Amino acid sequence: MGKEEIRKEIEKLREIIHHHDYCYYVLNQPEVSDQEYDALMRKLEELEQQNPEFIAPDSPTQRVAGKPLEAFPSFTHARPLLSLSNAFSDQEMIDFDNRIKRFLGVDSLNYVLELKIDGLAVNLRYQNGRLVNGATRGDGVTGEDVTSNIRTIRSVPLRLLGKRIPHLLEVQGEVFMRKPDFERLNRVREERGESTFANPRNAAAGSLRQLDARITAERRLDIFVYGAYLVESDYQPVSHWQLLQFLKELGFKVNPHCQLINSIEEAIALHREWEEKRKDLDYEIDGLVVKVNSLEYQTRLGSTSKSPRWAIAFKFNPTLQISKVLDIKVNVGRTGALTPVAILDPVEVGGAVVKRATLHNEDEIRRKDVRIGDWVLVSRAGEVIPEVVRVLFERRTGEEKIFQMPTSCPVCGSPTVREEGEAAWRCINLNCPAQVKERIQHWASRDAMDIEGLGEKLVDQLVDTGLVKTIPDLYRLEKKQLVALERMADKSADNLIRAIQASKERNLDRFIYALGIRYVGQFVARILAENFGSLDRLMNASQEELLAVEGIGPKVAQSIVQFFSNRENRALIRQVLELGVRPKEMEKKGKEKGPFYGKTFLFTGSLSRFSRSEAEKMVEERGGKAVTSISSRVDFLVVGANPGSKIDKAKQLGIPILQEEEFYRMLGL
Ligand code: D41
């Protein structure tokens, strides 16, 4: 055989083996026996060994290759990988649904429901259809480059399949270990006298972070993918569901239990079902994930710095542990509210060590009758603050001490009060250092004015040394004052001054959020910024004007009016503006920015539920454009019954084709 023929032979073998890998590891439907597969693999290995110039990283022989690494290089993600916000109750899901519908101005929504795989999040990068990188999520910005370990996972395609391969693709998924593999691994480790893994997730993480890829290969990891950025791709799906179908078409393993649903009630019902059925799966899940289906809506909803607003993890009941209340202390928050906190004998709950748990407020302590010295059940779920669920009364000895809320602030000593109808005791001293610290931290936080480097420790230092007493003081700081602080290097001082300067130019919604007005979270802040356009207009808005805004209820409106009628608050705003803070005004939301803004639709065939002109009107009402002839400028072709030749032309031009039902779903119908 000549070299060219050998190259072709090698290529053919690779194609065949990739195909069998896909059938076996992704589809779970092998087409050949293990012997036949092994023979193909041996043949390929032999040819590659004799002709090493043809070895390529995407060859199936290269799943396990190379020497152990010294350490994993770090990998900065092209775009930060967001995390999921959590819900633990039906009500939180209903709130999520209402919030989104209100924001979008629709009465119904389609969601995709996914199982929440309890594994390790990773990002896979494909260039021209080849896997070029695999990295752990890490903190979302930077992870570890674990490419050689990722390659050992048989269900990760080294090459993509199909006819619509994107030039550049980033796929997110969850690497996990199946329960039987986990048990087998632990049995072997125990026999060898090695330490065992606490759960399959830790085992998966430990295996993926093995410097020797041969060890990873033995661990039988698997993957389900749940998201992607089609960075350079001719095909662009319009819904999350289409994206998942596309990922399947490219050869990825998508969890088979994903489903399209039409209401949050369905998600709640399925959550109940899966809470039972999860034990029958051979991998662990810790909840469901609910995602808004329409990508257009996803874009409109956007994200906070941490997580998208269009998705939520609906967690299963949290893990419980027993611990002892060693003491009860009191925290002072931004609004002066005193929060009692149980100091616990440290216990591990759901994979994290818990030392404190919130007791919420005085009434909660009374209702649960928590006393110092009690044995209690502690729950922790995901990122939320651990909580005392109940007291184990049967363990009481009589030595336990009843806790009283303090009558003076534990930080500044001012008297505390509990107003009628309020659950919280408050420190009424607006200049209480604890409150000042919390307000400044909130102002500087990532989702507010985003002053990089100004974290909890530094705020403590600035307030404790008296350099900063109010938010405006931040903008009066000088470098020479900073370098005089302990542990403050010249360069850090420069960086901080620069970060403070940079924060002067934030958008109005961040500024509003940073003010820390009660009931005004990021979402409401954005609604306010978009509807009032300028700070001035918002500050002078009446209760009625506020109530007229979609998404603003009476409680919120009252709180806003109260905030801006307070002289000290107005003085604070005046001062920061005088010091050069210029919140950027935001475009008023108008009709032209509907969900279909910038998109062009074309119809062919007859629709079952609407006339052509009705459908066109609906597109235009949502900010889109409807045209009557096909061209490359068309974004979607909507196909009804008995379509014409437009459909063939659209295929030629690579224009996404929407079935009638998909179109209705985009409309939220
Ligand atoms: O199964 C999962 N663990 C899962 C994780 C999932 N089904 N969907 C997810 N979707 C996202 C967004 C919406 C942010 C793309 C996720 C995660 N994120 C995620 N997992 C770990 C961090 C983020």
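Counting from 1, the numbers follow the sequence of the chain as shown. Whatever order the structure lists them in is the order used to number ligands and atoms, beginning at 1. Since the model is a prediction, treat every value here as computed from it, not as a measurement.
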Going by the atom numbers of ligand 1, which of them fall below 4.0 Å from some non-hydrogen atom of V289?
6 (C), 7 (N)
Check the orientation of H442 and Y513. Use parallel for under 30°, tilted for 30 to 60°, and perpendicular for over 60°.
perpendicular
Looking at ligand 1, does L115 have a heavy atom less than 4.0 Å from it?
yes
To which protein heavy atom is atom 7 (N) of ligand 1 closest, and what is the distance rounded to 0.1 Å?
E114 OE1, 2.8 Å
Below 4.0 angstrom from a heavy atom of W310, which ligand 1 atoms are there? Numbered from 1 as shown, please.
13 (C)
Below 4.0 angstrom, N of the basic side chain to O of the carboxylate: do R201 and E284 qualify?
no
min-distance protein heavy atom vs atom 12 (C) of ligand 1 -> L84 CD2, 4.1 Å
Would you call the rings of F103 and F523 parallel, tilted or perpendicular, where under 30° means parallel and over 60° means perpendicular?
tilted
Please report which non-hydrogen protein atom sits nearest to atom 21 (C) of ligand 1, along with the residue it belongs to and the distance in Å to one decimal place.
A121 CB, 3.6 Å
Under 4.0 Å between heavy atoms, the region of K291 that gets near ligand 1 turns out to be side chain
R137 to ligand 1: N or O pair under 3.5 Å?
no
Per salt bridge (Lys or Arg N to Asp or Glu O under 4.0 Å), D447 is matched among R309, R526, R510, K306 by K306
Determine whether any heavy atom of G227 lies closer than 4.0 Å to an atom of ligand 1.
no
Does a donor on one side chain sit under 3.5 Å from an acceptor on the other, for Q259 and E266?
no
Counting non-hydrogen protein atoms only, what is the nearest one to atom 23 (C) of ligand 1? Give residue, atom name and distance.
L82 O, 3.3 Å
Exercise: do H240 and E114 side chains pair donor with acceptor under 3.5 Å
yes
Salt-bridge contact D90-R272 (side-chain N to carboxylate O under 4.0 Å):
yes
What part of K116 sits under 4.0 Å from ligand 1 if we count only heavy atoms: the side chain, the backbone, both or neither?
both
Measure from atom 11 (C) of ligand 1 to every heavy atom in F224, F176, Y226 and give the option owning the shortest one.
Y226
Are the side chains of K116 and L288 in contact, using a 4.5 Å heavy-atom criterion?
no
Has ligand 1 got any nitrogen or oxygen that is less than 3.5 angstrom from a nitrogen or oxygen of I117?
yes
